[in-house]
Amino acid sequence: MIKSNFKIFVNFKTYPQGRGMEAVRLARICQKLGEEKKMTIIPVVQAVDIYRVRKETEVSPWVQHIDWQESGQHTGWINLEAVVEAGAVGTLLNHSEHRIPPGKIRQILKRVAVVAVAGNRFARQEGRTFQVMVCCRTLGQLERLVKLKPDFLAYEPPELIGGTVSVSREKPRAVEKAVRICRRYDMPLIVGAGIHSGKDVLLAKKMGAMGVLVSSAVVLSEDPEEKIKEMLTLLHC
Ligand code: G3P
């Protein structure tokens, strides 16, 4: 049973430590710790790893990106129906490492609303829907994109991504403002960039974030399991 609404998203990016069988290993760690701590810890994997992770673990993966192309005469795109069929239960959109225009975000959100649940046998079995987190680099972008009403908004200042100075420590005012913007629309805010310690996570929670989006601190760690545990310690769960 999940005790806390606070969520941890672990973005595997294209790190070698987070793809193929390594993706399975990391996803198992997310599953194990999620069960132990009664928290939602979501592996966010590359499209090519969704099926493998879904098949080899009990965890429900998210994908890092999808494109807007429908099923049919389109080549080389990440198709919503395909990732849903493979077992993904959510996606990031507009990550600062994969930006897309607002019109395309709108288009994808519309498609998700129509097709995602119907085609996802895993989602149907588990009574889950396919969720979308729209990532924002700035507060201005957040103010605009919150109106599209995705399931989550993420605030990640790009200059802090991959570093060891976290968004919660470096930009507390911006995080608080982002929380206020999201609350107006009843939208959960997730924060990310440079998060690497229990204190960073606790700070984000205290400021009103509903979760964190982490990557390098976990994926590149010599002991990802210990790293995630350390990040959760101060949450008292
Ligand atoms: O999507 C999460 C990410 O951009 C943050 O990366 O390495 O700063 O935790 P990192």
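Counting starts at 1 for both ligands and their atoms, following the listed order.
- To the nearest 0.5 Å, the span separating CD1 on I100 from CG on D67 amounts to 7.5 Å.
- In this structure, H95 and N11 have side chains that are in contact, with non-hydrogen atoms separated by less than 4.5 Å.
- In this structure, F6 and V212 have side chains that are in contact, with non-hydrogen atoms separated by less than 4.5 Å.
- The distance from atom CD1 of I181 to atom CG of L153, rounded to the nearest 0.5 Å, is 9.0 Å.
- The nearest heavy-atom contact from the protein to atom 4 (O) of ligand 1 is H95 NE2, 2.9 Å.
- At a 4.0 Å heavy-atom cut-off, ligand 1 touches E156 through the side chain alone.
- In the vicinity of G162, heavy-atom distances shorter than 4.0 Å reach the ligand 1 atoms 7 (O), 8 (O), 10 (P).
- Less than 4.0 angstrom separates some heavy atom of V214 from each of these atoms of ligand 1: 9 (O).
- By the criterion of a heavy-atom distance under 4.0 Å, both the backbone and the side chain of I161 are placed next to ligand 1.
- The existence of a salt bridge linking E22 and R19 is excluded, since no basic side-chain nitrogen approaches an acidic carboxylate oxygen closer than 4.0 Å.
- For the pair A217 and ligand 1, no heavy-atom separation below 4.0 Å is found.
- At least one N or O atom of S216, backbone or side chain, sits closer than 3.5 Å to an N or O atom of ligand 1.
- Checking only distances, L213 never comes within under 3.5 Å of ligand 1, N or O to N or O.
- Using the six-membered ring where Trp is involved, F9 and F152 have ring planes that are perpendicular, over 60° apart on the 30 and 60° scheme.
- Residue contacts with ligand 1: K13 is included, with a non-hydrogen atom under 4.0 Å away.
- Counting only heavy atoms from C-beta outward, the side chains of K229 and L33 approach each other to under 4.5 Å.
- Nearest non-hydrogen protein atom to atom 9 (O) of ligand 1 is S215 N, 2.9 Å.
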